[in-house]
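Just so we're on the same page: letters track the sequence lines, and every chain starts at 1.
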Protein chains: 2
Amino acid sequence: MVRKTKEDAELTRKRIINSARAVFLSRGVSRSTLEHIATHAEVTRGAVYWHFKNKTEIYQAIREQVFLPLIDRMDDSLTLASNEDPLTQIENSLCQTIDDLNNNLEMRQMYEIMMIKCEYVDEFASVPQEILSNCSSIISKIKHVYERAESQGILAVKLSPIDLALDTHLFFSGLLHLWVKDTDGSMFRHQAKELIKAHINLRRKI
Amino acid sequence: MVRKTKEDAELTRKRIINSARAVFLSRGVSRSTLEHIATHAEVTRGAVYWHFKNKTEIYQAIREQVFLPLIDRMDDSLTLASNEDPLTQIENSLCQTIDDLNNNLEMRQMYEIMMIKCEYVDEFASVPQEILSNCSSIISKIKHVYERAESQGILAVKLSPIDLALDTHLFFSGLLHLWVKDTDGSMFRHQAKELIKAHINLRRKI
DNA sequence: TTGCTTACATACAAATTTGTATGTATATTA
DNA sequence: TAATATACATACAAATTTGTATGTAAGCAA
């Protein structure tokens with residue numbers, strides 16, 4: 001009973017991707033076998049090899065499915081005009097990411113895999129550099145928003161927009177890392193948005 | 001030519017540990033074989049198995065060798081009385097860690113392994129929880145220093161000490177993660193201390 | 001409806017990796 | 001100085017994992 005229709009094939013491809021995310025999450029990328037993934041997806045390794053060249057290609061597929069849209073959204077929320085004041089715009093953009101993490105299982109799993117279930121060597125060695133380069137663009141976008149805040153005179157502090165942007169991005173990077181590790185939510189997840197608000201209020205006049 | 005003296009044996013044990021750190025760093029923990037480690041240390045797997053039960057035990061040995069002293073030192077620099085003002089004390093404590101990373105190869109390697117060369121599953125699944133618990137104690141120590149700063153009236157901002165401490169810790173966590181990834185130093189390593197100073201100056205009156 | 005291609009399943013061979021068992025020469029100790 | 005324990009090296013067996021090769025039934029185009 002083989003040879004499914006094209007729609008069926010696309011379904012099994014998605015089942016394989018979803019299974020891979022679950023398997024990566026529970027066993028780590030390195031210890032995950034194509035056999036594990038296939039079993040979880042209720043297919044054989046043959047099916048996996050038909051859709052993907054190897055484990056690396058599956059990982060890339062997962063990453064693109066979740067990560068690229070996220071970066072776009074973060075870009076938009078910082079770049080697009082808004083009727084909020086600039087500081088609130090930064091706050092909302094960060095809070096939006098936290099909301100996404102809470103609401104989107106796939107995104108949550110992918111973040112956990114990327115942060116504590118993957119070793120960045122060999123074919124993954126370039127990922128940290130890519131992350132750094134994403135940082136650059138995000139920091140520069142935050143900087144622009146801080147520049148608008150400065151020109152509107154709503155900043156209570158004397159740091160330059162670039163220093164404020166760097167500080168905010170480092171804060172948020174740390175928050176995301178600890179958010180992911182805080183799986184039971186008792187330390188950071190339950191107060192993530194309050195931490196963001198406090199961080200922004202720190203620089204708001206009055 | 002076997003059966004070395006006790007001192008010789010201790011030397012080979014240390015050679016194995018140092019080799020393991022180098023191998024973990026270049027191949028990731030999961031893909032590192034006891035054969036890789038043994039070859040790098042110029043011994044056989046027999047020697048490795050004599051000194052350690054398995055790869056996990058080697059990892060633990062590396063971790064304790066580097067990580068525990070660091071936590072102690074960070075604790076001390078925040079707890080012990082100082083003739084600096086509280087904000088400078090926090091600044092110095094964070095800068096000291098950056099100095100340590102720059103000067104201590106073993107510490108630098110271990111941080112890189114822990115952050116981007118290790119998958120926290122199975123026998124390592126409890127490590128993120130341990131990290132979180134370390135966070136708690138560090139945050140509470142930073143909070144105490146901020147309380148002293150507040151009572152001395154040198155704070156320019158209206159956040160509570162606990163919120164300031166959380167913000168500082170998240171900032172520093174993010175900085176460490178990006179410091180590690182920034183291997184060529186162009187983005188964060190070269191200005192890490194300036195970022196710390198900016199972060200502290202943000203809360204300093206005048 | 002024939003023929004070709006798709007979407008897999010099954011089978012096989014090779015390479016890795018692990019743990020353990022065993023050998024052995026030399027420190028160390030009594 | 002004899003006995004014993006140490007600090008390894010070597011050898012072996014078993015289990016995993018990978019890629020590929022081959023089989024096959026059903027969809028699809030002509």
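Residues in residues 17-30 of chain A take part in these salt bridge (Lys or Arg N to Asp or Glu O under 4.0 Å) pairs, two or more places apart or across chains: A:Arg21-A:Glu106. Residue pairs meeting the ring pair (Phe, Tyr, Trp, His ring centres under 6.0 Å) criterion with at least one partner in residues 74-99 of chain A, sequence neighbours excluded, are absent. Listed by first and then second residue, the ring pair (Phe, Tyr, Trp, His ring centres under 6.0 Å) pairs that reach into residues 160-200 of chain A are A:Phe171-A:His199, A:His177-B:His177, sequence neighbours excluded.
Within residues 117-127 of chain B, no residue has any heavy atom under 4.0 Å from DNA chain D. Within residues 7-41 of chain B, the residues that have a heavy atom under 4.0 Å from DNA chain D are, in order of number, B:Ala9, B:Thr12. Within a heavy-atom distance below 4.0 Å of DNA chain D, no residue of residues 51-59 of chain A is found.
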Taking N or O atoms only and anything under 3.5 Å, show me the protein contacts with nucleotides 11-13 of chain C, one pair per line.
none

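A distance of 3.5 Å separates CE in A:Met187 from OG in B:Ser136, rounded to the nearest 0.5 Å.
Between B:Trp50 and D:dA7, a side-chain N or O to OP1/OP2 separation shorter than 4.0 Å is present.
Here A:Arg63 pairs with A:Glu130 under the salt bridge (Lys or Arg N to Asp or Glu O under 4.0 Å) rule; sequence neighbours left out. Scored by the salt bridge (Lys or Arg N to Asp or Glu O under 4.0 Å) test, B:Lys14 finds no partners at all (sequence neighbours excluded). By the side-chain contact (heavy atoms from CB on, under 4.5 Å) test, B:Asn92 is found to be paired with B:Glu84, B:Thr88, residues two or more places apart in sequence or in another chain being considered. Considering only residues two or more places apart in sequence or on other chains, B:Glu123 meets the salt bridge (Lys or Arg N to Asp or Glu O under 4.0 Å) condition with A:Arg31. A search for salt bridge (Lys or Arg N to Asp or Glu O under 4.0 Å) contacts involving B:Arg189 returns nothing, not counting sequence neighbours.
The two atoms that bring B:Leu132 and A:Asp182 nearest to each other are CD1-CA, 3.4 Å, heavy atoms only. For the pair B:Ile196 and B:Leu175, the tightest heavy-atom approach, listed with the atom from each and the gap, is CG1-CD2, 3.8 Å. Contact between B:Ser173 and A:Gly174 at its shortest, heavy atoms only, is CB-CA, 4.0 Å.
A straight line from OH of A:Tyr49 to P of D:dG19 spans 4 Å, rounded to a whole angstrom.
A side chain to side chain donor-acceptor pair (under 3.5 Å) with B:Thr168 is found for exactly one of B:Glu91, B:Lys143, B:Arg203, namely B:Arg203.
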